[in-house]
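Inspection log for the structure reproduced underneath, given as structure tokens.
All chains are named by letter (A, B, ...) in the order of the sequence lines, taking the proteins before the strands, and each is independently numbered beginning at 1.
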There are 2 protein chains.
Amino acid sequence: MGISITGMSDLGQQAYEKLRVGILDGELPPGSPLSHRKLAQLFGTSTIPVAAALQRLEAEGFVESRARAGTRVKMPTVGEISGNYIVREALESQAARLFAQSATPLQKKRLLRLANDLDKRYRSLDKQVTPSREAQAEVEKRHVEFHLEIAKATGCQELVLAIEKSRVLLFNWLFSRSGEYVPLPQGWHTRLAEDLSTGQPLSADEAMRLHVTFRRDDILRHFAELERAAEGKIERGPQHRKVSGTFATKLQNLPR
Amino acid sequence: MGISITGMSDLGQQAYEKLRVGILDGELPPGSPLSHRKLAQLFGTSTIPVAAALQRLEAEGFVESRARAGTRVKMPTVGEISGNYIVREALESQAARLFAQSATPLQKKRLLRLANDLDKRYRSLDKQVTPSREAQAEVEKRHVEFHLEIAKATGCQELVLAIEKSRVLLFNWLFSRSGEYVPLPQGWHTRLAEDLSTGQPLSADEAMRLHVTFRRDDILRHFAELERAAEGKIERGPQHRKVSGTFATKLQNLPR
DNA sequence: TCTCCAAAACTGATATGTCAGATTTTGTTG
DNA sequence: CAACAAAATCTGACATATCAGTTTTGGAGA
């Protein structure tokens with residue numbers, strides 16, 4: 001699950017990628033402080049490439065920065081998550097239209113196979129009483145891949161990138177919390193793949209909209225509660241969270 | 001027609017804005033070289049804020065950079081323009097749905113007024129034999145504002161920003177060339193505004209799709225020709241274009 | 001224990017200088 | 001005059017150092 005499209009220099013690119021996986025792997029949960037200096041020391045570079053990486057991550061919505069006050073992994077608001085859903089619904093329903101309109105039999109077959117596999121994984125996840133975070137993340141990553149496969153089949157690179165951006169961002173926001181898990185209907189993705197493969201563009205559009213918005217209201221409600229709970233609480237300053245990975249640990253214990 | 005949403009430091013933000021208007025005003029046409037040093041000298045800063053501004057402009061698609069070889073205003077490919085249309089169709093039809101679904105009478109009235117004004121301006125443009133570049137740009141800017149008004153009425157900030165980004169980018173690409181002008185039908189925007197104000201979400205969606213894609217094929221054909229004409233021509237190195245504004249002139253005549 | 005405030009510590013922003021790579025120019029040779 | 005190579009020039013990437021805000025901290029006083 002990685003964007004390449006360099007556009008950035010060597011060290012800056014490396015810092016960007018390290019930070020990105022650090023965030024997406026949950027080692028750097030929302031609120032984690034990201035000091036230019038400490039990161040530079042950790043990476044063995046100056047602060048310049050770090051600043052470039054953080055600027056890009058900020059533009060992509062992973063990070064928020066206030067001048068001379070600090071940079072941290074972003075805490076999304078309910079409004080932003082809601083907006084993300086709206087934009088993603090627009091992009092993915094467009095991809096669904098184009099897929100239904102012009103996907104080759106091979107692409108359709110491939111999508112069906114992916115959908116089947118994905119549904120299997122979700123089912124096996126449902127069986128477990130307490131699925132591990134890693135297991136959930138693994139399945140969700142494949143979920144993203146499934147949707148990107150639809151977009152890729154359209155042949156429109158710009159659409160793929162826009163959807164990936166939107167998907168990955170939500171992925172990160174969701175997995176930063178212990179979200180109550182809403183099980184999906186049986187054959188949820190297989191049915192979608194069938195709709196996209198056999199239906200007209202318009203019905204594919206509609207099917208995708210339903211798919212995208214299925215868990216939306218539950219999730220928004222959940223986050224609204226979390227937001228209310230955090231009302232006026234820790235508003236600024238680094239969050240003293242307990243984190244597992246080596247990344248954040250190293251970062252915290254670094255002097256200077 | 002300006003994005004604010006800082007996210008960047010003082011000098012970097014200023015450099016970004018200056019460069020952005022320089023590009024959008026046509027003073028820096030596609031292919032113009034943008035040297036960190038020269039720009040820094042022109043702005044009276046170091047190269048650091050300039051680099052930050054250029055990195056952001058690159059992420060937004062206005063500029064392309066190759067490490068240690070140069071940065072220049074981007075020359076779009078036909079594929080990118082086509083992709084831009086697909087993404088924009090997705091975003092704007094979504095905005096149309098939401099507008100039809102939830103716009104207040106006041107917002108509808110306001111949109112109709114804007115549409116009427118816009119159509120008037122297009123009509124007066126059609127009357128002129130050789131409309132000036134400035135006059136065309138002025139009307140096109142209002143065209144962008146019209147579409148942003150629809151998005152703003154949805155109350156979804158993320159959708160507004162995504163549409164603005166997509167619109168402004170195409171705006172810049174189109175106005176960098178002397179495009180053959182395809183006149184619009186009578187009351188083109190007024191009819192759209194009416195459709196969005198009175199119709200159901202689905203019909204609003206469809207109306208917007210038709211609107212967005214109206215000139216698309218002509219434009220893509222036009223650019224395909226231009227691209228073919230430039231086949232293998234000036235591939236690298238600064239373009240020695242003749243430019244009007246003071247911005248580019250200063251830039252070119254700067255030593256170092 | 002709580003409030004307030006100044007000093008200390010930390011932060012991102014920026015200037016300056018250097019480096020290696022890419023490009024362009026120039027000089028040479030056929 | 002063409003082809004080619006070396007040198008001069010230009011480019012962005014980056015390191016180091018400093019600055020001015022912001023936040024945290026450690027009492028002093030209530």
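Taking the six-membered ring where the residue is Trp, B:Phe175 and B:Phe171 present parallel rings, their angle staying beneath 30° rather than reaching 60°.
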Short N/O separations, protein against nucleotides 18-22 of chain C, under 3.5 angstrom:
{"residue": "C:dA22", "atom": "O4'", "partner": "B:Arg68", "partner atom": "O", "Å": "3.1"}

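Here A:Ser46 does not reach the OP1 or OP2 of D:dT16: none of its side-chain N or O atoms lies under 4.0 Å away. For D:dG12, the OP1/OP2 oxygens have a side-chain nitrogen or oxygen of B:Thr71 closer than 4.0 Å. For A:Ser65, no side-chain nitrogen or oxygen approaches OP1 or OP2 of C:dG12 to under 4.0 Å.
Taking every side-chain heavy atom of A:Thr47 into account, C:dT14 is the closest of C:dT14, D:dA15, C:dG12. Listed nucleotides D:dC14, C:dT14, D:dT11 differ in distance to A:Leu11; the shortest reach to its side chain belongs to D:dC14.
Rounded to a whole Å, the CD atom of B:Gln41 is 14 Å from the P atom of D:dG12. Between the CD atom of A:Gln13 and the P atom of D:dG12 there is a distance of 18 Å, given to the nearest Å. The distance from atom CZ of A:Arg72 to atom P of C:dC10 is 17 Å, rounded to the nearest whole Å. Protein atom NE2 of B:His36 is 16 Å distant from nucleotide atom C1' of C:dG17, rounded to whole Å. Separating the CD atom of B:Gln55 from the P atom of D:dC14 is a distance of 11 Å, rounded to the nearest angstrom. Across the protein-nucleic acid pair, B:Leu34 atom CG and D:dA13 atom P stand 13 Å apart, rounded to whole Å. Rounding to whole angstrom units, CD1 of residue B:Ile48 and P of D:dA15 are separated by 11 Å. Atom pair A:Leu39:CG and C:dC10:C1' shows a separation of 14 Å (rounding to whole Å applied).
The shortest side-chain heavy-atom distance between A:Val50 and A:Leu34 does not fall under the 4.5 Å cut-off. Looking at B:Phe62 and B:Val73, their side chains never come closer than 4.5 Å, going by heavy atoms from C-beta outward.
In this structure A:Ala51 satisfies the side chain to side chain contact (heavy atoms under 4.5 Å, CB included) test together with A:His36, sequence neighbours excluded. Every residue meeting the side-chain hydrogen bond (donor to acceptor under 3.5 Å, both in side chains) condition with A:Glu89, not counting sequence neighbours, appears here in chain and number order: A:Arg209.
Salt-bridge annotation for B:Lys141 and B:Glu145: absent, with no side-chain N of the basic residue lying under 4.0 Å from a carboxylate O of the acidic one. With respect to A:Arg221 and A:Glu225, no salt bridge is recorded, no charged nitrogen being found less than 4.0 Å from a carboxylate O.
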